[in-house]
Amino acid sequence: MHVWLRNEPLNSCAINYPISHHINANTLRKTVNYAKNKGASGYPKIEYSIWRYIACNKISIPEHLAWMYFESFYAMSNYGNQRCIEFDIEINKCKSKEEQEKIKDCKRVDLYQFILHLYIQQFYTIDLKSSIMSREEWPVNRSDGNDRKKSKGTDELNFINFVTKNFDEIISLFSFDKTINQNDIVSEEIQQALNFILEGSVDNYQTILPFSQLLKQSSVQSKMNDGKMYVKNLVIFLKNYIEMNPFGLNSCLRNGKRITATYLGGSMDPKKYGKIITNANSAPKNDFIVFVSQVLKQTLVDNSQTFLNCGLYIDKCLSSNIYILQSLRSCSIKKCKKSLLFVGPTQRTVTVDNCNDCTIVSICRRIIIRNCSMCNFYLLTPTSPILLTGCDNIKFAPYNSTYPAIEEDALTAGISDMINLWDKPIVVTQNQSLIGLHWSLMNPSEFQVISVPIETETKPQPSSNELINKANEVFGILPADYERELTERYQILEINLELIQNANLNQEQKMMLQRFIETSFKESLQINGEQKQLDHLATITNSLNTQGQQMSN
């Protein structure tokens, strides 16, 4: 038999920031008891109004952080993507903050699982000073004082240790008395709450069971003394059988299948192709992972089904352009430099950590940014971007691109284009004087539309005006200033095009003008660094032409 910690609480639900020291086992236990006494608005669910009152008045958490923790859990509580869209639209229609708060107050989540969500945030209690100074990949745990190692599996192993070491205390969160008796029976409600972080299998991973169902299996109950779910029996069982997640990132890197990108162009050196590894051949659908790493000076475009609803990891890519044109479950971008990273609509969280001089284009439920510098973010998100420690020179702009299936993919991810909080970041810091110093909104004159370089549909050759229209096409609603900037650029292009058409130039003059335009265009590409991407795309085109000729022969 096998037990492991689920991927989602660690990857999609954690804020990765030190939660208030006021939130501890004692205050969470009091929260449970307070909610239980609130009748329909509390136990077994908890309304946001109850949590907001406790957070702001009892635990001294700012209201925007109280909502951040609540909303992050609500978004992954399997209420359905359509319900998330309806909620976003409902909030967007509100004419005042009071109306918005009234709608928020009615949102309800499972009380016990929400308490667990808050408790495991303690895993990210870090030493802020050492994190900022050393820019560690993983936080430093105050409790044991050791730096986390930087291997891919260390964080998961530390999370296992955190849960097993504190399992008694986790059980006690749902008890009125903070001292838990080892001979107490673990109730069905507590077992179901543990489904949030635990699952397992008794048939060699063929069937994945929530933890509460796993405990009902005869092979598991036979391991319990007297067949009873005493606290001591459950603790011993967990410590004996818990293991690394067989469908987690560490397992994917060890046992996953290496695949090639649909389109890849650039250097012909195979060492620079990087690696793409997936567990899609062995994992359940909701645990698909794709790991893209060490892509160097390449342009990678992929819209294959392998990426659909996966947890995407992009790691240590340099001077590359990466386009993933599929709806994703979650996305983590780490240690990338001088790269364009275009990721499809993401159902849960996009985390960007330790990146420098990058452009990130994303439609997502939430984005968390940490230890990044000189990065531009083009976003469509119904929640405020979260800016954590170690960030500098961050620019935010509205979403700036599109591709043929984007509307369908956004719908799959549960994100509407009607609400976009790209310009309302939340800076989470203990030093209030730093808020607003390390980020800015992009000036409309700097705003650039990014065109996906690979056409997935065969279309007739467009006219000049159609090309101009396409170059200015974006998904979603642009703010007026940005829309006006694009319109002015479009009008200038139209005027110049009309002047050329009406100039009655002879053949020699047309050739001179064409050479001037081409020279100026190439100089612009060199200055902006776009020439390399065009060179990469040329190798993709040549490769596709060669493949076509081979097939025809």
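- A cation-pi contact links Lys104 to Trp67, judged by a cut-off of 6.0 Å to the six-membered ring centre and 45° from its axis.
- Judged purely by atom type and a 3.5 angstrom limit, Arg366 has no side-chain atom pairing as donor or acceptor with the backbone of Gln347.
- Here side-chain hydrogen bond (donor to acceptor under 3.5 Å, both in side chains) pairs that include residues 403-418, with residues two or more places apart or in two chains, are Tyr403-Asp409.
- Tyr399 is linked by a ring pair (Phe, Tyr, Trp, His ring centres under 6.0 Å) to nothing, counting only residues two or more places apart in sequence or in another chain.
- Salt bridge status for Glu8 with Arg348: present, with a side-chain N to carboxylate O gap under 4.0 Å.
- You'll find the ring centres of Phe196 and Phe73 inside the 6.0 Å limit.
- A search for salt bridge (charged side-chain N to carboxylate O under 4.0 Å, His left out) contacts involving Asp88 returns Arg365, not counting sequence neighbours.
- Side chain of Thr381 to backbone of Cys364: a donor-acceptor contact under 3.5 angstrom is found.
- For the 3.5 Å distance criterion, the side chains of Asp105 and Ser49 fail to qualify, holding no donor opposite an acceptor.
- For Asn245 (side chain) and Leu5 (main-chain N/O), a donor-acceptor pair under 3.5 Å exists by modelled atom type.
- Using a 3.5 Å distance cut-off with no hydrogens or angles, the side chains of Ser373 and Asn393 do not pair a donor with an acceptor.
- A donor-acceptor pair under 3.5 Å is formed between the side chain of Ser339 and the backbone N or O of Ser320.
- Look at Glu485 and Arg489 and you find a salt bridge, because one of the NZ, NE, NH1 or NH2 atoms lies within 4.0 Å of a carboxylate O, short of that distance.
- For the residue pair His64 and Ser384, no side-chain donor N or O sits within less than 3.5 Å of a side-chain acceptor on the partner.
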